[in-house]
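Encoded as structure tokens, the structure appears first; notes follow it.
Sequence lines set the chain letters: A, B, ... in the order given, protein chains first and strands last, and positions in each chain run from 1. Side chains are part of it too, since the values below use all heavy atoms of this structure and drop only hydrogens, waters and symmetry mates. Since this is a predicted model, take the numbers as computed values, not measurements.
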Amino acid sequence: MDTYDANGLTLQRVRDLVWEIPREDDMNVAARVLASETLLDEISGDKTLEQLRNTATLPGIVEPAICMPDGHQGYGFPVGGVAAIDAENGCISPGGVGFDINCGVRMMTTNLTYDDVRGHEEELVNALFEGVPCGLGGGGVVETDVETVNQILDRGVEWALAEGYAVPADLDHCEDEGRRHDADPSAVPQKAKDRGKNQVGSLGSGNHFLEVQRVTDVVREDVAEEFGLAEDQIVVLIHCGSRGLGHQVCQDYVREIEKAHSGFVGGLPDRELAAAPAGSQLADEYYGAMCAAINFAWVNRQLVMHRVREVFEDVFDRKWESMEMHLLYDVAHNIAKKEAHPVDTAGDVPRLDPDGDERDLYVHRKGATRAFPAGRSELPPAFADVGQPVIIPGSMGAGSYVLRGGDRSLETSFGSTAHGAGRLMSRTQAKQEFWGGDVRDDLRERQKIYVRADSGATIAEEAPGVYKDVDEVIRVSDTLGIGDTVARTFPVCNVKG
DNA sequence: ATGTGC
């Protein structure tokens with residue numbers, strides 16, 4: 001099939017797994033969906049494609065606007081969206097980052113095998129549930145004050161290192177080495193800091209979780225070896241973000257931008273796309289505040305990991321160093337960053353083109369993961385020759401994937417790939433379809449997956465059946481060469497927010 | 001995602 005019709009839009013098939021909404025009317029550039037027809041079917045009835053089309057109207061956007069294979073509708077922009085916008089003549093949009101600034105994932109490896117953990121699952125999941133704060137509201141691994149929050153916002157994981165919650169190797173295995181230097185703590189609203197001060201080291205709620213997993217499949221043996229992954233190995237995955245602090249930053253700046261740039265925002269097809277023109281005071285303030293919230297989220301995941309190491313020490317009665325509980329990598333999937341990408345500016349629209357001139361772009365990745373291949377200058381030495389690890393969490397019944405940045409990601413998607421399985425239904429619908437207690441019992445009896453959660457409703461909202469097939473999402477990423485499959489994991493213990 | 005409405 002060469003075209004695909006949905007919701008009054010006609011997508012043209014560019015090549016296998018690449019679909020285009022041609023530029024028309026108020027669009028500044030064409031938009032692309034990276035997906036199989038099966039995945040397209042799952043978004044054909046909601047607002048995902050219309051939202052993607054709308055993002056293509058943003059001033060300064062570089063072709064193409066992109067929706068990833070796990071995309072679904074979100075606030076203004078689709079979740080699973082990549083919008084690369086000129087940082088000099090374009091704009092920056094909080095909705096293109098998302099409410100949970102630097103929601104992301106880190107994976108820790110261990111030298112334990114599944115046999116070491118079998119028989120201890122119940123004790124382990126209970127100890128993790130007791131040790132790691134989760135759910136809505138306050139309570140973190142550490143209680144801090146606004147002065148400390150300012151330090152965290154400014155210094156990121158360097159703060160955690162100075163305070164004894166991290167080792168130097170943790171910083172080398174984190175995107176941006178755990179510190180975004182463009183952070184401006186003074187641009188973070190006081191209310192956001194107040195919300196954050198008792199949430200440092202906490203999972204939160206929704207789709208956030210902490211999971212002990214076993215590696216079930218190694219697909220690229222050489223890369224897996226570089227990453228320290230092998231079959232049957234136990235790993236730990238942590239998925240959380242910037243909690244109430246990031247949420248407050250997003251909310252306040254959306255409002256400020258709507259007020260100060262009402263004419264600019266009014267010209268956009270959806271108020272939820274609210275953006276500040278590049279070079280404006282609010283664009284700079286939002287960028288500084290967002291970067292600070294990014295640092296906060298990295299510290300949050302660092303402190304959760306620190307606590308996980310302590311819990312494993314208690315349960316297995318060994319030091320974490322002897323269990324080799326090292327951070328593999330921490331990657332963000334709700335983020336915007338100034339990055340240089342080659343853009344052809346000679347044609348009728350600015351277009352991503354390997355032969356173009358390097359331009360500074362605000363690359364908005366909302367529910368999309370940076371997936372830089374070997375050779376990209378931002379990568380730390382450990383991954384410079386192999387490509388960065390990309391960690392993609394699936395549902396609690398399906399497991400997750402480790403990829404590495406693919407050779408074609410820069411030319412296809414501004415160095416990005418998917419971020420998860422992607423929801424199939426709303427949380428409200430999920431609670432009508434599933435009962436949390438039944439889901440938990442089923443997972444234990446049928447798949448030996450031990451789940452502990454803050455509430456039964458959360459389990460229902462996150463039941464495996466509310467997610468797309470993560471295998472299909474990964475197949476698209478791998479086939480397109482934007483993120484190459486390295487290993488697959490399967491849940492052993494899951495702590496849900 | 002979120003002290004789950006203004």
### Task
Flag the pair A:Asp26 and A:Arg53 as a salt bridge only when some basic side-chain nitrogen lies within less than 4.0 angstrom of an acidic carboxylate oxygen.
yes
### Message
If I take atom CD in residue A:Glu258 and atom P in nucleotide B:dC6, what distance separates them, rounded to the nearest angstrom?
### Response
12 Å
### Message
Strictly by salt bridge (Lys or Arg N to Asp or Glu O under 4.0 Å), give each pair with a member in residues 73-83 of chain A just once, sequence neighbours left out.
### Response
none
### Task
Tell me, please, which residues at least two apart from A:His173 pass ring pair (Phe, Tyr, Trp, His ring centres under 6.0 Å).
A:Phe383
### Message
Considering every strand and a 4.0 Å limit on heavy-atom distances, what is the contact class for A:Gln199: base, sugar-phosphate, or nothing?
### Response
sugar-phosphate
### Message
I need the CG-C1' distance between A:Asn102 and B:dT2, as an integer number of Å.
### Response
16 Å
## Note on the structure
Taken to the nearest whole Å, OH/A:Tyr75 to P/B:dG5 is 15 Å
### Query
What integer distance in Å separates A:Asn334:CG from B:dT2:P?
11 Å
### Task
Using a heavy-atom cut-off of under 4.0 Å over every strand shown, decide if A:Gly98 touches base, sugar-phosphate, or nothing.
nothing
### Distance, rounded to the nearest Å, where A:Arg243 contributes CZ and B:dT2 contributes C1'
8 Å
#### Entry: Gap between atoms CD1 and P, on A:Ile101 and B:dT2 respectively (whole Å)
12 Å
### Query
Nearest-Å distance, CG (A:Asp194) to P (B:dT2)?
18 Å
### Message
For a quick check of understanding: with a heavy-atom distance under 4.0 Å over all strands, which category does A:Ser242 fall into, base, sugar-phosphate or nothing?
### Response
nothing
### Query
Which part of the nucleic acid, if any, lies within reach of A:Gly206 when heavy atoms closer than 4.0 Å are counted: base, sugar-phosphate only, or nothing?
sugar-phosphate
### Message
Rounded to whole Å, please give me the gap between CD in A:Gln248 and C1' in B:dT2.
### Response
9 Å
## Note on the structure
The single option from A:Arg180, A:Lys337, A:Lys338 that satisfies side-chain contact (heavy atoms from CB on, under 4.5 Å) with A:Cys291 is A:Arg180
